[in-house]
Trainee: 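If you scroll down you'll find the structure; I have some questions about it.
Both backbone and side-chain heavy atoms feed into the values below; hydrogens, waters and symmetry mates do not. Every chain is numbered from 1, with letters handed out A, B, ... down the list of sequences.
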Amino acid sequence: MSDTRETHAAPASATPTLEARGLGKQVASGDRQLTILDHLDLCVMPGESVAILGSSGAGKSTLLALLAGLDTPSHGELELFGTALPALDEDGRAALRAGRVGFVFQNFQLLPTLTALENVMLPLELTPGRGLESRARDWLGRVGLGERLHHLPKQLSGGEQQRVAVARAFVTQPELVFADEPTGNLDRDTGSAIIESLFALNREAGTTLVLVTHDPHLARRCQRCLRLDGGRLVALERDEVLA
Amino acid sequence: MSAAGSLLGLSLKGLRRDLRAGDVRALFVALVLAVATTTMIGFFLDRLDRGLTRQAGQLMGGDIKLEQSDPFADDLRTTLRGAGLTLSDQVDTVSMVSRGDAFQLASLKVVDAAYPLYGKLRVDLGEGIVERAAGPAPGSVWIAPRLAQLLGVAIGEQVQVGQRELTVSGLIDREPDQSAGFASLSPRLMMRLADLDATGLVRPGSRIEYELLAKGPPAAVAAVGDLLTRLRQQGVEIEDVRDDRPQLGSALTRAQKYLSLSGLAAVLLAGVAVAMATRRYVDRHLDTAALLRCFGASQRQLAQLFAWQLTWLALAASVVGALLGLAGQAVLLALLARFLPLTLPAPGMLPLLLGVLTALAVLVGFAGPTLLRLQRVSALKVLRRELDPLPASAWLVVAVASLVFGALLWLYSGDLGLAAALLVGGLLALVVLWGLGWLLLALVLRLAANLGTRGGDLSRALRLGASQLARRRQASLGQLLAFAVTFAAMAIITLVRGDLLSAWQTQLPADTPNYFAINIQPGEREGFSAILDQVADTRSALYPMVRGRLTAIDGRPAREAVPEAHRDDNALKRELNLTWRAALPESNRLVAGRWFDAGTPVAAGSVPISVERGLAERLGVGLGDSLTFTIGSDSVTGEVTSLRDLDWDSFRPNFFVIFPPGVLERYGHSYITAFHLDAAAHGDVLGRLVAAYPGVSLLNVDAILARVRELLAQVTRAVELVLGFVLLAGISVLYAALTASQSLRAHESGLLRVFGAGQRLLSRVQGVEFALLGFTSGLMAALLAEGAALGVYAGWLDLAPRLHLWLWLVLPFGGALIIGVIGHLLSRGVRRQAPVQSLGLLGEG
């Protein structure tokens, strides 16, 4: 394990998609403060795929929430697409995400009353535009669900539901996709299939990918692996990942 | 497409998808119900009101009645006709009518060709009674059978009226505009205006009343309002059907208020249903809102999205509700058609507008604060499911709902004071109920703990069910309050209906006096009384009657002393009937001061008197004030020592002013009494009375009595139908509320299943829980209903307050039964579900 802090891995000329400096998050636990993230640094350049590994309770989801602007840090600097996130209010952060950030969640987060097609169309409908449905159909086709457009989530298997979620993450052609334990609720084979399509779409679209997982095999497929440990990120060499 | 347009589209799509969800259907049904009930009652009341005004017009003879002692000028007629009114001239006088040696004083009604403006005459033209839309032909008269009897005249024979001989061509059975005025005491003779001059009865000094009757649409009547005010100031006596509805009295006012109250109860119930369904709606959409936040939606966009969605829903519900309301009022009217003698005017647009407004108001008031929770949702919830925004403060929800409901109360009752009082009372009641519910739940929890851990399935079910209910304190309190309000609303509407109907029944029992006898001389008093004692079913006392004019109040001329608005009061323009009496008369209630003490010394200068409250209010007179009456050439001054309420609908002699015995006896007086006589059984008695006491006038009020009874029957029907509707609304609330709590119960029973509970135990646990919920809310409802009924009776319907002990049994046990059965049936599916499903162990929960 190298003991270096996470540093830039791309040419300094490009604007990083995501950059955190001295990021920290404390939460109140009873009458004392619990430090979850402690002066954490991270830089993700456009087109990169980065895996963040960590054991259960290490703060992976907290970090993801901060990076995506879903939550606010206790201290430190954080920029998404070159814009400082802590300076924005909740609506400002939402506006920054709109159409530029995609998500894949561990528990899929599909709306039960919407069909597969409607679920994929949902992020598109927030912004004015045309041909929403054909775009949604197209992306569902790419994840192999072209025949199940009008099925409700409960009529789909877990793997199929996650594929719908993947299609939804990419349908706005975002610059950045966050994936939070995307295979956590799936068996190994199904998980692998999902991962295949996730990385394939990522490559095709040239999207930046930030993947949070506890699965080293999954993490190894990313260009860069980091481990969250004691509230800080530590870069891992490829052979360290499975260690 | 613009961003706003895309949001509208998204909201419509969302609603379409959402129609599959139970809560959206419940919202829709509740709103439809609110609109349907209010528009139904609104349409119905509006049309009934206009129809009854017309019927009252019939009793009065027209929509407006002008009366003076000189003929009306032609330019007045031109003006009234110009406003769109149809006119009819009538002259009333009293004159001697003779045939041969027989003479009889008759009350002459001289009519023109336009008479009657409303309704038809029933008359016997020699071949049985027929209906006629016009009076007798010129040259002929129609007379009352009693006059025919007194004069010994038959159809086809002639009578002498003044200087003219006229042929009797019919016997009058009923006049459409029969009124109970004293002018009509002598038997009737109806003749044509064309013959009047020839009789020579119109001479200077003769007592003749000229009447000008006008009929027309409400707009035309309203258009001449200013003119009428001016004429009134000039001394013309004017009755306007909108202000003076003779004989309909308090029954109709109460019925209208009852229907409005029912409408409001239905709105309140729908509001409760909306509030419950919205909670579930919001819970269900938190994930959607969080996801949309994640995808970049702003708070404003979220608020707009859901607001639009519900607005579409409200508009759709308004359309469906209004159509249902329209159909409902048609059914209501069809059911009442037998009782409604008139074709009613077409439904107006106002109730429709009110209906839509009501739907939107209910939505904003009962769903608004809860909905705000959706826009406060954090995007972080997509990662941390437990991160739900705090529910809207219960107080905020209640406060906003109360404000909106208060505004609706104001809108429907037109009485700001009443609306505010009901609102403040309601909020106080809610606070009390909240505390009471809290205590009851604590009690339930303690009782459950005392059941111990041993015992069979049943006691286990009792313990589990009771503690589940009591531990979920916040949720259970909410449900308790909702059910209590629902039960109470249903109970109040039922209660008021019962008391209203019994008040009407006791008001006009079968033996209500149907004859008034006046002008009984002191010497005839005992003999007359003796005959009545033998034949009358009921009779009032014989009241002495002295006529006196009120001339001064506290030493000042009466017209100057009274408040300006009441200077034209009839009490100042006419002689009042005064009486004396030692005891408080039947159906009078003392409301202030003391009744004459036995043996009260009567000083020469000042005398204690008792005054009717309404008159006292109009004259601005209170206890201790002195009133001076001129009787003949004398004057008598009395000091007001008590105020009384009268029952004007009682069909008994009523007096504005009562003196103690020993003051008025020295003035000329006669006696009045009222009695009930079955004319079919004692027809000959009437003849005997008339023959033995020729000076006594008998006034038959059967026709008026029949009209009032008929009216009460109509309104009773309407009241019962509307009650049915409110009960239906109440049951639908229960259904909506129980459906809304389904997912929570599914989760609980799933857990119990995991821990090894069988279906039988689950069924019992839920049964106990629902029954307890119903029982407790029933108890709270009984308290609320008693309190509210007290307020409504005293403050609005003017009924005597009373306790309803049966409520305290029926509501708790009925509540346990209803909630128990509906809840148990609804949870059947939940109990059968495998825990994986109910706990959401696989996939989306």
Side-chain angles (χ1 to χ4, degrees), chain A residues 60-62 64-66 68-72 89-103 105-115 118-119 121-130 132 152-158 160-162 168-169 171-172 174 178 180-181 185 212, chain B residues 1-25 281 284-305 375-387 389 743 837 840-845:
Chain A
K60 301 190 297 287
S61 291
T62 305
L64 182 86
L66 289 181
L70 303 182
D71 198 1
T72 49
D89 61 6
E90 176 115 22
D91 272 354
R93 299 199 298 273
L96 189 61
R97 280 195 299 273
R100 299 175 77 181
V101 179
F103 289 92
F105 303 104
Q106 177 176 4
N107 51 10
F108 322 140
Q109 290 285 4
L110 300 183
L111 297 180
T113 55
L114 307 195
T115 62
E118 289 166 341
N119 263 297
M121 281 167 67
L122 195 61
L124 288 176
E125 284 170 327
L126 277 180
T127 45
R130 289 184 186 282
L132 307 186
L152 290 171
K154 66 179 177 196
Q155 295 164 318
L156 300 172
S157 71
E160 286 168 331
Q161 289 187 44
Q162 192 59 304
R168 185 179 63 185
V171 72
T172 57
F178 288 105
D180 179 24
E181 300 278 15
N185 273 349
V212 167
Chain B
M1 193 173 16
S2 71
S6 129
L7 211 60
L8 279 186
L10 186 56
S11 69
L12 262 178
K13 270 191 219 164
L15 182 64
R16 188 172 51 78
R17 293 161 189 157
D18 251 359
L19 289 179
R20 300 167 200 145
D23 48 283
V24 171
R25 287 186 188 167
Y281 174 86
R284 210 165 46 78
H285 284 83
L286 284 176
D287 283 342
T288 314
L291 259 186
L292 289 172
R293 289 296 272 162
C294 230
F295 298 153
S298 67
Q299 282 203 343
R300 213 181 117 144
Q301 277 177 310
L302 279 188
Q304 284 177 347
L305 177 67
Q375 73 164 30
R376 283 192 283 113
V377 79
S378 160
L380 195 54
K381 180 177 156 57
V382 292
L383 295 177
R384 312 232 306 259
R385 300 208 65 133
E386 73 285 2
L387 259 190
S743 61
Q837 243 176 317
L841 296 181
L842 288 179
E844 280 289 313

Trainee: Using non-hydrogen atoms and a 4.5 Å limit, figure out which bit of Ala65(A) sits close to chain B: side chain, backbone, both or neither.
Mentor: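 Contact with chain B is through both the backbone and side chain of Ala65(A).
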Trainee: Identify the two heavy atoms, one from Ala94(A) and one from Ala297(B), that lie closest to each other, and give their separation to 0.1 Å.
Mentor: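 What the structure gives for the nearest pair is CB-O, 3.4 Å.
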Trainee: How far does CG of Asp91(A) sit from CZ of Arg293(B), to the nearest 0.5 angstrom?
Mentor: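 So the CG of Asp91(A) and the CZ of Arg293(B) are separated by 4.5 Å.
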Trainee: Which distance, rounded to the nearest 0.5 Å, do you find between the CG of Leu122(A) and the SG of Cys294(B)?
Mentor: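 Rounded to the nearest 0.5 Å, the CG-SG separation comes to 11.0 Å.
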Trainee: In terms of heavy-atom proximity below 4.5 Å to chain B, should Leu66(A) be classed as side chain, backbone, both, or neither?
Mentor: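 No part of it gets close to chain B.
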Trainee: Could you look at Arg168(A) and say if it's the side chain, the backbone, both or neither that has a heavy atom under 4.5 Å from chain B?
Mentor: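 For Arg168(A), side-chain heavy atoms alone lie under 4.5 Å from chain B.
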Trainee: What part of Leu291(B) is in contact with chain A, defined as an atom under 4.5 angstrom from a non-hydrogen atom: side chain, backbone, both or neither?
Mentor: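 When you check distances to chain A, only side chain atoms of Leu291(B) fall under 4.5 Å.
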